[in-house]
Amino acid sequence: MTEYSSLEKIRLQKLEELRAEGIEAYPTRATRTHMSLQAIAEFEEAEKVEGKQVHAIVAGRIRASRAMGKVSFAHIEDGDGKLQLFFRINELTQARVEFFNRMFDLGDFIQAEGVMFRTKTGEVTLHVHDFKLLAKSISPLPADKDVTQEDGTVIRFAALEGHELRARQRYADLAVNPEVRETFRKRAKLVKSLRTFLDDHNFLEVETPILQPLYGGAAARPFTTHHNELAQDMYLRISFELYLKRLLVGNIERVYEIGRDFRNEGVSFKHNPEFTQLEFYWAYADYLQVMELTEQMVAYAAEQVTGSTKVTFGEHELEFKPPWKRVEMREGILETSGIDIAEHKTAEDLFKAIKAKHPNKTPDPKTTRGKMVDFLLGEFLEPTMIQPTFLYNYPRDISPLAKSIPGDPLTVERFEGYVAGFELCNAFTELNDPLDQEQRFLEMGRDYAADDEENTPLDEDYLRAMRYGMPPNGGFGMGVDRLAMVLTNKHSIREVLLFPALRKEE
RNA sequence: GGGCGCGUAGCUCAAUGGCAGAGCAGCGGCCUUUUAAGCCGUUUGUUGAGGGUUCGACCCCCUCCGCGCUCACCA
């Protein structure tokens, strides 16, 4: 049973009064001829011609109102912007102006018809000749008006604040904060620009299963569910990789998918349990070609979304114009930590070297060499990669799906793109040798067993596909939400997700 | 999961052991070009929940709930 606040009770009272007067508070249809900005633009054009009038019917949500006895002003907001309405008893009668003042509240949807004019203070305004209620708002939207502190010195803008409430009631957040609507328009532009770019480069967009009998392509815990009729457990995908690469076997040479991945892991400013991923696979290309395509694609997206390849992110000015900086993993770690990983070919050696150089910053001594390299990367190198940077040549044992560098058994042809100190994308020359792949899967299974973690299942069907023959190819994956964060200057993934994962209410 | 912090009116926030407040919103009144409208008057509280200490608790203690930051985890 809904508990109404005192303010809501007053509005419900008004609703009853309207119905008693035979006025429909939620009429079925609206008749709009002009968007707010369109009406203003047309008027400004017509002003140049003597005696020309602009007649308009507008519709929107009431965001402010000022009653002054025999005249009233209000601002409505529609999908375009804001427009001021002017009500006067001369055109409307005293009773109608009072009706407006008494029965209409902030947040109500209204339709107003009239003639455009310019007020004494110069604002282009609709002089209302007729109006009707389109939808009554029962719950007041969070206050959005400015507030004056004593002394008149401190002016605050009280809007809907607080991350939790804004995320939980995104509808109210959007209704009250236009810049939030803008963020999600930019996000839509981003996704569209990525599609356009890949389509223009002859990649085929596909949709592969979200509900999978086995999961793979990344090291993350999955969400598990159950299919009753088939009597088997199923998983929400943690990546698209193994399905998209099956398509390479099927002679589709360039393929991509944009969609949702699900990982049953921690939540943070850059992690949400479901997130949008872009992956593409490109036959006959290697990781260096993928690198070039990546910087072109992201630069294109930045330009489409923000109008420039120069993007402000917090205190940083990021330049996405190719070519991006390239840092070789061994050199980058040597430069930032003073440790040459090439000189320490076992986990034991590497651990000793780290301990000797940085006694206060050591990884778990029982972990693998690759994870220690990853530790050095996160601890020393990552924070230095603010401008878009490709970090390349990764340890083999943390890259089970990447191809080794010829002549270097410890290193694979893999790169990650970094921006503002965090990982944006991950790519490699894909492993296409089915026997090597099987070996890697088995090794990985051992590592997991050793860590006493959940075992990653071996995907026999994927190996079967590979045995038919897979062309050499380069593959790529990117967290679209993270790119959205960077391009909209938001520092939490929740700000670029309409409905981020939250704990259940009550 | 660990650490730190927050939770007070519809909204944004005060009140550090002694009568729970302000601005905005709301309600009533005045006002025919306002836009942070103005002026006069006025309503609104399970101080997240439960327990404890105390003559007295928003304040101190305990438990729980929710949220934020951070660490850990996270190819």
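Each chain gets a letter, A, B and so on, in the order its sequence line appears, and its residues count up from 1. All values below were derived from every heavy atom in this structure, side-chain atoms included, with hydrogens, water molecules and symmetry-related copies excluded. Predicted model only: the values in this text are computed from it and were never measured.
- The backbone N or O of A:L350 lies less than 3.5 Å from no partner atom in the side chain of A:R369, so there is not a single donor-acceptor pair.
- Between A:R170 and A:D173, at least one side-chain nitrogen of the basic residue sits less than 4.0 Å from a carboxylate oxygen of the acidic one, meeting the salt-bridge criterion.
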What N/O pairs connect the protein and nucleotides 1-5 of chain B at under 3.5 Å? Give each pair on its own line.
none

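- Listed here is the closest heavy atom pair of A:L15 and A:A25: CD1-CB, 3.3 Å.
- Distances from the side chain of A:F86 to the nucleotides B:rU33, B:rA25, B:rU34 place B:rU33 closest.
- The pair A:R246-A:D461 meets the salt-bridge criterion, with a side-chain N (NZ, NE, NH1 or NH2) lying under 4.0 Å from an Asp/Glu carboxylate O.
- Taking atom NZ of A:K9 as the reference point, atom P of B:rC27 lies 15 Å away to the nearest angstrom.
- Nucleotides B:rU12 and B:rC64 have their C1' atoms positioned 28 Å apart, rounded to a whole Å.
- Contact annotation: A:K14 reaches the phosphate of B:rC27 (side-chain N/O to OP1 or OP2, under 4.0 Å).
- To the nearest whole angstrom, the two P atoms, one in B:rG1 and one in B:rU63, are 16 Å apart.
- Partner assigned to B:rC69 is B:rG3, using Watson-Crick or G-U wobble distances below 3.5 angstrom.
- At the heavy-atom level, A:N90 lies under 4.0 Å from base atoms of the strands shown.
- Look at B:rC58: it lacks any Watson-Crick or wobble partner with both distances under 3.5 angstrom.
- Following rounding to the nearest Å, A:K270 (NZ) and B:rC69 (P) show an atom-to-atom distance of 14 Å.
- Counting non-hydrogen atoms under 4.0 angstrom, A:L7 reaches a base of the nucleic acid.
- Heavy atoms only, all atoms of each residue included: A:L126 and A:F117 are closest at C-CE2, 4.2 Å.
- Distance, A:H271 NE2 to B:rU70 P: 13 Å, rounded to whole Å.
- When distances run from any side-chain atom of A:R414 to the nucleotides B:rC74, B:rU33, B:rA75, the shortest one goes to B:rA75.
- Note on ring orientation: taking the six-membered ring where Trp is involved, the planes of A:H127 and A:F86 are perpendicular (angle over 60°, cut-offs 30° and 60°).
- Counting any heavy atom pair closer than 4.0 Å across all strands shown, A:E123 reaches a base atom.
- Nucleotide B:rU63 forms a Watson-Crick or G-U wobble pair with B:rA49, both donor-acceptor distances falling under 3.5 Å.
- Comparing B:rU53 with B:rU46, their P atoms are spaced 25 Å from each other, to the whole Å.
- A:E98 has its CD atom 13 Å from the C1' atom of B:rC30, to the nearest Å.
- Per the geometry, CZ belonging to A:R66 stands 13 Å off P belonging to B:rG26, to the nearest Å.
- In this structure, A:R96 satisfies the cation-pi test against A:F131, with its NZ or CZ atom closer than 6.0 Å to the six-membered ring centre and inside 45 degrees of the ring normal.
- Atom CD1 in A:I493 sits roughly 18 Å away from atom P in B:rC74 (whole-Å rounding).
- Sorted by residue number, the members of residues 68-81 of chain A with any non-hydrogen atom under 4.0 Å from RNA chain B read A:M68, A:G69, A:K70, A:V71, A:F73, A:H75.
- Ring geometry for A:F100 against A:F87 counts as parallel: the plane angle stays under 30°, on a 0 to 90° scale with 60° as the upper cut.
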Can you pull every protein N or O that's under 3.5 Å from an N or O on nucleotides 41-46 of chain B?
none

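- In this structure, B:rU42 forms a base pair with B:rG26, meeting either the Watson-Crick or the G-U wobble geometry with both donor-acceptor distances under 3.5 Å.
- A distance of about 13 Å separates the P atoms of B:rG48 and B:rG10, rounded to the whole Å.
- In this structure, the CG atom of A:L377 is 11 Å from the C1' atom of B:rA75, given to the nearest Å.
- Here the separation of B:rA22 from B:rU43, taken at their C1' atoms, is 16 Å to the nearest Å.
- Rounded to whole Å, the distance from CD on A:E423 to P on B:rA75 is 9 Å.
- Taking a cutoff of 4.0 Å between a charged side-chain nitrogen and a carboxylate oxygen, A:E123 and A:K82 do not qualify as a salt bridge.
- Each of B:rG26, B:rU34, B:rC73 was ranked by its minimum atom distance to the side chain of A:T119; first place goes to B:rU34.
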